[in-house]
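One structure is given here, and the rest of the page talks about it.
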Amino acid sequence: MVNVSLEMLKQIAKALSVQFGPNCEVVIHSLAGTPADGSILHIENGEVTGRGIGDGPSQVVLDVLHRQDQPFEDKLAYLTKTKNGRILKSSTIYIHDENGRPRYMLSINYDITTLLAAEQAIHTLTSCNTADTTSSSDSQKVITRDVNDLLDELIEQSVTLVGVPAPLMTKEDKIKAINFLNDAGAFLITKSGDKVANYFGISKYTLYSYVDINK
């Protein structure tokens, strides 16, 4: 059994509170007294819950004091709430004495109220209408830097639509791809005809003969 002193726990509490800032309350409770005693021996950032040294036990502490002969397991990352409605992410760690009885309780209470509000605000900004999205990342529109990048992106989309690499495309495949590009406005880009014709291995005359051939 590791003998953890109160002074060591105070060092740990101080380090945690500095590491995570003023929203992180760290409390050391004594589990050796009676329910009427003030169980808080040490506290960092007590303004999170408004408590101080000598304040009375929480419900968790009372439960331990009532059942000291039973084993207690640490409880990590659960939600609690203050009287004024602040939401806390809490963890409870039990420190046992040489006889295996709970001697101290180290509690970490991190105020996540603002983070939850920010999370909701971000979700509101990033959420989209279900009808406009799918689970596939392929449906997300790519924002290109210039018209050359845009033309490259449209050509890639046309190949994806057909499902066959350009060198293996039949005449019908190329007609389908080129009509996609035409519908997407690709040929409004300057000199796009030359690039598209070269990509699909056809002449410009053939390219424009394919446009609207199936319409």
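Heavy-atom basis, side chains included; hydrogens, waters and symmetry copies ignored. Throughout, residue positions are numbered sequentially from 1 according to the sequence presented.
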What is the distance from atom [atom1] of [X] to atom [atom2] of [Y], rounded to the nearest 0.5 Å?
| X | Y | atom1 | atom2 | answer |
| --- | --- | --- | --- | --- |
| Leu88 | Ser107 | CG | OG | 11.0 Å |
| Leu6 | Gln11 | CG | CD | 11.0 Å |
| Met105 | Ser30 | CE | OG | 10.5 Å |
| Glu25 | Thr49 | CD | OG1 | 3.5 Å |
| Lys195 | Thr190 | NZ | OG1 | 12.5 Å |
| Ser192 | Tyr199 | OG | OH | 15.0 Å |

Show the nearest heavy-atom pair for residues [X] and [Y], with the distance to one decimal.
| X | Y | result |
| --- | --- | --- |
| His42 | Ala13 | CD2-CB, 4.1 Å |
| Val159 | Pro165 | CG1-CA, 4.4 Å |
| Ala32 | Arg103 | CB-NH1, 3.3 Å |
| Arg51 | Asn109 | NH2-ND2, 3.5 Å |
| Ala77 | Ser91 | N-OG, 2.9 Å |
| Ser39 | His29 | OG-ND1, 2.8 Å |

Taking side chain as C-beta onward, heavy atoms only, is [X] less than 4.5 Å from [Y]?
| X | Y | value |
| --- | --- | --- |
| Lys81 | Ile87 | yes |
| Ile12 | Leu16 | yes |
| Leu79 | Ile112 | yes |
| Thr92 | Phe72 | no |

Backbone N/O of [Y] and side chain of [X]: donor-acceptor pair under 3.5 Å:
| X | Y | result |
| --- | --- | --- |
| Asp173 | Thr170 | yes |
| Asn45 | Cys24 | yes |
| Asn99 | Arg101 | no |
| Asn179 | Ile175 | yes |
| Asp55 | Gly52 | yes |
| Lys174 | Phe200 | yes |

| Criterion side chain to side chain contact (heavy atoms under 4.5 Å, CB included) on Arg86 and Thr114, from CA distance to verdict | CA-CA 9 Å; Arg86 307 292 292 182; Thr114 304; 3.8 Å; yes

| said: Please enumerate all residues that pass salt bridge (charged side-chain N to carboxylate O under 4.0 Å, His left out) together with Glu7, with sequence neighbours excluded. | reply: Lys10

Hydrophobic cluster membership, [X] vs [Y], 4.5 Å side-chain cutoff:
| X | Y | answer |
| --- | --- | --- |
| Leu181 | Tyr205 | no |
| Leu106 | Tyr78 | no |
| Leu154 | Val196 | yes |
| Val18 | Ile28 | no |
| Leu188 | Tyr210 | no |

| said: For a side chain to side chain contact (heavy atoms under 4.5 Å, CB included) check, start with the C-alpha distance between Leu116 and Gln120, then their side-chain angles and the critical distance, and finish with the verdict. | reply: CA-CA 6 Å; Leu116 290 174; Gln120 180 60 41; over 6 Å; no

| Should we count CD of Glu47 as having more than 12 external heavy atoms under 6.0 Å? | yes

| message | Parallel, tilted or perpendicular: which one describes the rings of Tyr110 and Phe20, with boundaries at 30° and 60°? | response | perpendicular

| request: List, by chain and number, the other hydrophobic cluster members for Ile53, where Ile, Leu, Val, Met, Phe, Trp and Tyr join if side-chain heavy atoms come within less than 4.5 Å, directly or indirectly. | output: Val27, Ile40, Ile43

| request: Step by step, work out the side chain to side chain contact (heavy atoms under 4.5 Å, CB included) result for Val162 and Phe180. | output: CA-CA 10 Å; Val162 174; Phe180 168 83; over 6 Å; no

| request: Begin with the C-alpha distance, continue with both residues' side-chain angles, and end with the deciding distance and a verdict on side chain to side chain contact (heavy atoms under 4.5 Å, CB included) for Lys176 and Leu161. | output: CA-CA 8 Å; Lys176 184 177 181 180; Leu161 174 68; 4.0 Å; yes

